[in-house]
Amino acid sequence: MIKLKGLVRKKTYFNQENFYTIAKIYIEKEKNVITIVGELPGIKAGDSLILRGLWESHPKYGSQFRVESFAIALPDTVVSIREYLKSGVIKGVGPVTASKLVDHFGIDTLRVIEETPERLKEITGLGKSRLSVIKKGWKEHHAARYLLSFLNENGIKPSLSGKIFSQFGSDSVAVLKENPYILAAEMPANGFFLADKIARNIGMDDDDPVRIKAAIMHVLYKWASDGSVFIELNNLINLCEREFGIYENQIRENLLLLEQDHEIVLIESGGVEAVFIKHLYDAEIKVSERIKVLLSLPVMLREIDEAEIKAEVLSRLAIKLSEDQLDIVREVIKCKVSVITGGPGTGKTTLLRSLASIFRYAGKKVMLSAPTGRAARRLTEVTGMKAQTIHKMLGYNFADNYFDKNRDDPLDTYAIIVDEASMVDIELMSHLMDAITIDSVLIFVGDVFQLPSVGPGNVLSDIIRSEIVNVFYLTEIFRQESESDIVYNAHRIKDGESIETHKNNGELSDFYFIEQGNHEQIVRTIASLCKNNIPKRFGLDPVEDIQVITPMHKGITGTINLNHMLQKELNNENSLTVGGLKEADKVMHLKNNYQKDVYNGDIGIVKEIVPSEKKVVVNYYGRLVEYDSDDLSELSLAYTISVHKSQGSEYPAVIIPLTTQHFPLLQRNLLYTAITRGKELVVIVGTKNAIDIAISNDKPGKRVTGLVEKLKNP
């Protein structure tokens with residue numbers, strides 16, 4: 001490992017999401033400027049850094065120093081201290097004041113400011129208010145240095161300091177010393193383990209109640225992140241004993257304390273002792289109670305006969321319903337709560353459009369919604385009616401984490417239709433239920449064979465399994481869809497059967513499998529399919545019409561590598577970059593941004609790059625959205641996306657790399673979800689073995705929920 005010391009001239013790039021930084025550093029010993037790259041939270045122009053890392057050669061940018069670890073050092077000569085303070089990095093200290101301080105205190109200037117700031121009164125002309133500004137400015141500017149030093153002493157890598165600093169600010173070190181286990185609550189993924197390191201170093205006992213309660217909550221939140229709403233008490237005890245050395249009597253004792261603090265709920269569920277995080281338990285209660293209240297009340301809609309339904313749907317939508325479809329429409333409009341479920345090609349969209357038309361014909365207001373922005377946009381396209389995300393429909397205020405629509409100010413509508421309902425988690429569903437009046441009707445439309453929601457719960461499946469709601473299963477594949485190999489193979493996968501491909505005497509199909517075992521060759525094949533084969537044979541645009549979908553982010557066939565490769569193959573004419581993005585790049589927005597009206601999973605094309613302003617302009621469906629350096633972290637390349645990110649969307653053509661390298665995620669519902677994203681063409685590139693493993697794995701991590709029991713109980 002090479003050690004360097006230098007002064008930060010400027011940061012040329014900084015990603016707030018992962019703290020990846022590119023900066024120019026002046027190495028005084030060598031009298032030259034170098035480029036450094038790595039995770040460097042908290043550094044600013046003027047900082048003196050001690051760096052450890054290795055030299056590497058970038059194919060485009062040449063030699064650069066990749067930082068593995070770093071520390072912020074204070075200047076240690078009179079000249080460097082003077083220059084440091086004159087740079088204006090400390091509020092209240094300008095060039096004149098800097099000279100006065102250094103002339104008076106010399107080499108001890110910075111130590112005086114940090115350790116004995118009251119001595120600054122020795123400088124003529126520095127009043128009480130200015131001293132206060134300088135003390136505060138020093139603390140703010142050097143808080144990151146204190147935190148980095150503290151984390152280094154506790155064996156925690158510097159890259160985590162940015163997350164901690166953004167959460168606790170300039171008081172980070174004081175907060176962590178007082179209660180390191182606050183990290184467990186603020187950073188559920190790994191905060192407990194970081195807190196454990198700090199706690200041991202500052203002398204906390206392993207059986208301290210603060211640690212035991214934090215360990216319990218860590219397990220509960222880890223369980224929730226995997227989709228479960230509760231954990232069986234015996235499982236919790238076993239996990240805490242095995243992973244954290246906490247005994248059963250200690251766990252039970254602290255569970256009671258957590259229950260008294262309203263952080264958890266201990267209750268029998270499904271014949272077992274269950275431990276719920278309180279807000280998830282409350283969400284299940286709200287959903288179950290609201291559904292039962294709705295089911296107990298009559299439908300406030302005049303009777304509409306079969307002839308009226310046929311005539312209205314035919315005249316407004318130019319659709320002639322089959323007898324089965326007609327029966328379902330007639331029954332659904334009589335229900336307070338109902339579910340329509342089925343695979344691709346079974347007519348879910350036709351029924352959804354027909355129901356919306358009938359409600360409007362009867363003079364009733366209808367609201368269409370979906371869990372994601374792209375699913376809502378697709379719903380608008382297929383129905384011709386306005387559809388919104390559930391968050392937007394409920395008036396979600398991102399800054400305050402608050403929904404405007406609730407029991408006190410409910411939704412003003414008769415019918416609420418929720419498409420892609422399998423993607424709705426228990427918390428969002430509880431907010432939706434809270435905003436529905438008792439006069440409303442609720443219709444869920446979805447495919448339970450797709451991947452479940454990212455958040456905890458398995459709501460649509462649980463509602464169906466409770467058997468208290470009318471469920472309409474669509475199984476008939478309509479004639480125009482029955483010739484599609486995409487639809488045919490999707491249903492085979494759903495039923496646990498192997499895929500089949502049909503050559504059709506040389507005619508083009510809409511489903512292909514290309515056997516390829518070598519990972520590098522898979523990547524080359526995907527590049528050729530996107531750049532040449534599919535555009536030439538099917539007339540599709542390589543960027544806008546073709547979507548590569550893969551199970552994983554890492555690895556040769558993961559999103560990261562494939563995006564890098566496809567950017568080079570499909571967009572190699574433009575050289576101007578900001579944050580690794582170029583004009584004409586395909587990009588995805590990564591989290592809901594209500595100010596910009598852009599949502600998690602929205603895909604657009606980079607319209608303009610302005611390097612001097614670090615600005616990127618993205619075209620989303622004809623609407624231009626600007627990103628500056630502060631929010632560039634909300635964008636990523638989208639030539640390739642994960643299967644989870646593809647949910648709720650459809651694309652003209654889909655390419656799916658599938659190898660045993662993806663083994664942890666090879667599941668039937670994942671493959672089914674990926675295939676059903678393609679409208680006109682699906683191509684799987686990989687091994688038959690990987691496909692067979694995915695199809696045979698119909699038991700992905702089982703989600704533990706209590707909604708079925710709550711719905712069934714009176």
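Computation of the quantities below employed the complete heavy-atom set of this structure, encompassing side-chain atoms and omitting hydrogens, waters and symmetry-equivalent molecules.
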[Y] backbone acceptor or donor facing [X] side chain under 3.5 Å:
X	Y	value
Thr673	Leu451	yes
Arg668	Asn697	no
Ser228	Ala224	no
Thr705	Gly457	no
Asn713	Lys710	no
Asp305	Ala307	yes
Arg374	Gln647	yes
Ser484	Ile486	yes
Glu709	Gly270	yes
Asp495	Glu497	no

Side chains of [X] and [Y]: is there a donor and an acceptor less than 3.5 Å apart?
X	Y	result
Lys334	Asn470	no
Ser649	Ser646	no
Glu308	Tyr361	yes

Flag the pair [X] / [Y] as yes when at least one side-chain heavy-atom distance between them is below 4.5 Å, and no otherwise.
X	Y	answer
Met588	Lys645	yes
Thr437	Leu411	no
Phe359	Leu301	yes
Ser440	Tyr414	no
Val459	Val424	no
Leu255	Leu233	yes
Ser338	Val471	no
Thr341	Tyr473	yes

Nearest 0.5 Å, please: how far is [atom2] in [Y] from [atom1] in [X]?
X	Y	atom1	atom2	value
Ile328	Ser322	CD1	OG	7.5 Å
Leu355	Ile443	CG	CD1	5.0 Å
Glu303	Ile333	CD	CD1	8.5 Å
Ile216	Ile264	CD1	CD1	7.0 Å
Ile463	Leu711	CD1	CG	6.5 Å
Leu442	Ile436	CG	CD1	4.5 Å

Closest approach of [X] and [Y], non-hydrogen atoms and distance?
X	Y	value
Val454	Arg703	O-NH2, 4.3 Å
Met423	Gly648	SD-N, 3.9 Å
Ser354	Val313	OG-CG1, 3.7 Å
Ala490	Ile675	CB-CG2, 4.3 Å
Leu394	Ala435	CD2-CB, 3.6 Å
Val487	Pro344	CG1-O, 3.5 Å

Begin from the C-alpha positions of His589 and Asn600 and carry the test side chain to side chain contact (heavy atoms under 4.5 Å, CB included) through to its verdict. CA-CA 6 Å; His589 189 86; Asn600 185 4; 5.8 Å; no

Decide, yes or no, whether a salt bridge links [X] with [Y] under the criterion of side-chain N to carboxylate O below 4.0 Å.
X	Y	answer
Arg211	Asp207	no
Arg330	Asp327	yes
Arg360	Glu312	no
Lys348	Asp419	no

With Tyr281, which residues qualify under ring-ring contact (aromatic ring centres under 6.0 Å, His included), at least two apart?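 Only Phe276 meet the ring-ring contact (aromatic ring centres under 6.0 Å, His included) criterion with Tyr281.
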
Would you find more than 12 non-hydrogen atoms of other residues, nucleotides or ligands less than 6.0 Å from [X] atom [atom1]?
X	atom1	result
Glu650	CD	yes
Asp412	CG	no
Lys222	NZ	no

Tell me, with the steps shown, if Glu476 and Thr346 meet side chain to side chain contact (heavy atoms under 4.5 Å, CB included). CA-CA 6 Å; Glu476 179 186 357; Thr346 55; over 6 Å; no

Could you check whether Lys494 makes a cation-pi contact with Phe449, meaning its NZ or CZ is under 6.0 Å from the centre of the six-membered ring and within 45° of the ring axis?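 Pair Lys494/Phe449 counts as cation-pi.
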
Tell me, with the steps shown, if Lys286 and Asp282 meet salt bridge (Lys or Arg N to Asp or Glu O under 4.0 Å). CA-CA 6 Å; Lys286 184 175 289 183; Asp282 291 344; over 6 Å; no

Evaluation steps, salt bridge (Lys or Arg N to Asp or Glu O under 4.0 Å), between Arg378 and Glu420: CA-CA 11 Å; Arg378 176 172 161 266; Glu420 298 288 355; 3.5 Å; yes

How would you list all residue pairs meeting side chain to side chain donor-acceptor pair (under 3.5 Å) that involve residues 232-251, not counting sequence neighbours?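 The answer is Glu248-Arg252.
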
For the pair Lys405 and Asp434, evaluate salt bridge (Lys or Arg N to Asp or Glu O under 4.0 Å) and give the outcome as yes or no after the intermediate values. CA-CA 8 Å; Lys405 292 297 177 183; Asp434 200 37; over 6 Å; no

Evaluate side chain to side chain contact (heavy atoms under 4.5 Å, CB included) for Glu273 paired with Glu268, printing each intermediate quantity in order. CA-CA 5 Å; Glu273 290 182 280; Glu268 184 178 302; 5.9 Å; no

Look at the rings of His391 and Tyr396 and say which category their plane angle falls in: under 30° parallel, 30 to 60° tilted, over 60° perpendicular.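 Taking Tyr396 first and then His391, their aromatic rings stand perpendicular (interplane angle over 60°).
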
Parallel, tilted or perpendicular: which describes the rings of Phe193 and Phe244, with under 30° parallel and over 60° perpendicular?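 It falls in the tilted class, 30° to 60°.
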
How far apart are the C-alpha atoms of Gln388 and Met367, what are their side-chain angles, what is the distance that settles it, and do they pass the side chain to side chain contact (heavy atoms under 4.5 Å, CB included) test? CA-CA 8 Å; Gln388 305 174 82; Met367 296 185 84; 3.8 Å; yes

